[in-house]
Amino acid sequence: MDTPLISLRGIGRTYHNGDIATTVLQDIDLDIQAGEFVAIMGASGSGKSTLMNILGCLDRPSCGDYLFAGESVERLHKDQLAELRRRTFGFIFQSYNLIGSASARENVEVPAIYAGLPRQQRQQRAAQLLGDLGLGERLGNRPSQLSGGQQQRVSVARALMNDGQVILADEPTGALDSQSGRDVLELLKKLHAQGKTIIVITHDRDVAAHAERLIELRDGRIIADTRRSPEPVAAPAEPQAPAPERSTQPLQDLLEAVRMAWRALRSNLFRTALTLLGIVIGVASVVVMLALGNGARQEVVDRISSMGSNLLLVRPGAPNTRRSMDGSTNTLSLSDVNVAADIANVVVAVPEMNGRVTLRSGNTDYQTQVTATSPDLPLARNWPVAQGVFIAEQDNQSHAAVTVIGRTVANNLFGDSDPLGHYLLINNVPFQVIGVMSEKGAAPWGGDQDDVVFVPLNTGSLRLIGQRHLNSITVMIDNLSLAEQTQEAVRQAILLNHAGVEDFQIRNMASLLENVSQTQNTFTILLGSIAAISLLVGGIGVMNIMLVNVTERTREIGIRMATGARTGNILQQFIVEAVVVSALGGALGVLAGLGFAWLLQALGTPMVFTLGPVLLAFGCAFATGLVFGFMPARKAAHLDPVVALNAD
Ligand code: ADP
Ligand code: MG
């Protein structure tokens, strides 16, 4: 006699629930030849389904040997069992076990997905099988849109999809009306006639009467094994090697997984939308916050740069001490200006002396700042006069009472009328307005730069401010690449002038720029971190939803495993679902963020858009999906097929 297709020797199955061990099957010896039609009967709870699950490699026996086509199944690991299921067995269940979110055709396609059949062939074959079973019009229907008999025919088609040689049916007619039951039975007989091995569990004597062989179980043991004289079988029942499996292509696999994920997500639209929202808010806030932070920094940098990056600022007071604001540090003098002006690469050195003054024109009193300076200020500060002229050297020498006023002062004292030639009182001294500065705007450190009046240095020193020392010297240099050396040369020269006492400090705009820009960076990072936290919260939302997903779809996972999904397929499916949510959320979040930032910009907030934050936020969202999707996915992949199938 040939090697039996299936051979069980001394098979037993014991369940352990805590300390309680329940033996459900014992001492099962059973040989089934290829092409047989076997019915298994027994009372409820006698162990029929348990035996079926072992036969179909969904479950492992606790003891005994299972040889399939002469090969021991015992030593096969999980994915090899999955392969055996995929290639050899087709399952039909009492409760159909169709995936609710998938159409009839998609349900039938499932086993072929895991066998790596290309999409088009798969769809064709599924449609063909369903057509043969009279469901040609129902390809797109969900299980809930089909009658019980139709659903069972879909599951028959699924069992046939990979052309496995053994059909395992666990009470296939149990839930059907008698006509549908007879139809399914006819189908099984037809398949048997085509050479398939059929093993069917049934309660129904009539169903069993169609089988060639009847096995009866009681309390986990075989109590009878009777053969009827075998009906002549059309096709010779010889064991056939399973069709060679196509090697699967990773890219196609992935595409398939994305498609499945999309379908699963779409079937629970509201929940998906809520999960998306979390990610969208996280990503959008990262994009907006970074644009805002960068915008603020850019603005400060621009303001400082507008003052000229080619300036050195000499201030009184020892280095690394805070500049004294009350002017009590009286260490800078006009001779320092002359010394600095003589250094090579220095264009001009401009003295400045500051004080608060009260202006009066007509009946208007006005408090502002006065700066006593030299004619070179407009050049050094890159700040031209708009009307009239600036202070000339003669004005200085003759202690002329002339003034050049800032735009704000002009507006406040003279309104729309022309200030040129008018007199105003500065601290009760009459000065003639000879010029109006162009508008300069806000200072980097805040304050209005246009709220100022300029007077000749000597005039200011003598008649307004009453001091001889300077508040600062602005040194303009020519060749920026020599800035470092020039700064050092200026330092040495002034040091010499001060008899070696370093009671002044020199800063250059470039280093100031760097300082400020660093402060702003910290600010941006802070904003970014706050946004990143909301992204993290979004990620936890994804994990939460995926966990619920896995719990809810445990049965689907069982179905996929029964039809031959590998551990990796399940893992991939759930990770891909999480990543699809996150990537979608990331993309929407980027759009929302850019939109919102653009709106803010339109409303006048400085914004800087760079690719970096956008990529960063999207990448984070993507990674979040990957990381937070992994745990639920792993949970799904490690489910036991039988447990998953029987979940409710
Ligand atoms: P049948 O299909 O013949 O009705 P089953 O094979 O489903 O019977 O179950 C046989 C016995 O095993 C039943 O008494 C059932 O309660 C028990 N059983 C099934 N699964 C488990 C399990 N996971 N843990 C403990 N007992 C189980
Ligand atoms: Mg059962």
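Both counts, for ligands and for their atoms, begin at 1 and track the order of listing.
Considering only non-hydrogen protein atoms, atom 2 (O) of ligand 1 sits nearest to Ser49 OG, 2.7 Å. From the protein, the heavy atom lying nearest to atom 24 (N) of ligand 1 is Tyr15 CG, 3.4 Å.
For atom 16 (O) of ligand 1, the protein comes within 4.0 Å by no heavy atom at all. Atom 21 (C) of ligand 1 is flagged as protein-proximal [any protein heavy atom, distance under 4.0 Å].
Taking a cutoff of 4.0 Å between a charged side-chain nitrogen and a carboxylate oxygen, Asp79 and Arg85 do not qualify as a salt bridge. A salt bridge links Arg87 with Glu83: the distance from a Lys NZ or Arg NE/NH1/NH2 to an Asp or Glu carboxylate oxygen falls below 4.0 Å. Ion pair Lys196/Glu36 not flagged as a salt bridge, since none of the NZ, NE, NH1 or NH2 atoms sits closer than 4.0 Å to an Asp/Glu carboxylate oxygen. Using a 4.0 Å cut-off between charged nitrogen and carboxylate oxygen, Arg122 and Glu109 count as a salt-bridge pair.
With a heavy-atom cut-off of 4.0 Å, Val24 touches ligand 1 through its side chain alone. When heavy-atom distances to ligand 1 are checked against a 4.0 Å cut-off, Asn17 comes that close only through its side chain, counted from C-beta outward.
In this structure the side chain of Ile557 reaches within 4.5 angstrom of the side chain of Phe574, judged on heavy atoms.
Distance check for Ser49 against the Mg ion (ligand 2): an N/O/S atom falls below 2.8 Å.
Arg634 forms no cation-pi arrangement with Phe630, by the criterion of a distance under 6.0 Å to the ring centre and an angle within 45° of the ring axis.
Taking a 4.0 Å cut-off on heavy atoms, Ser44 registers as neighbouring ligand 1.
When atom types are taken as modelled, the side chain of Arg125 and the backbone of Met161 share a donor-acceptor pair closer than 3.5 angstrom.
By the 3.5 Å distance cut-off applied to N or O atoms, Thr50 is counted among the residues near ligand 1.
Selection from Gly47, Ser46, Gly45, Ala21 by nearest heavy atom to atom 4 (O) of ligand 1 gives Gly45.
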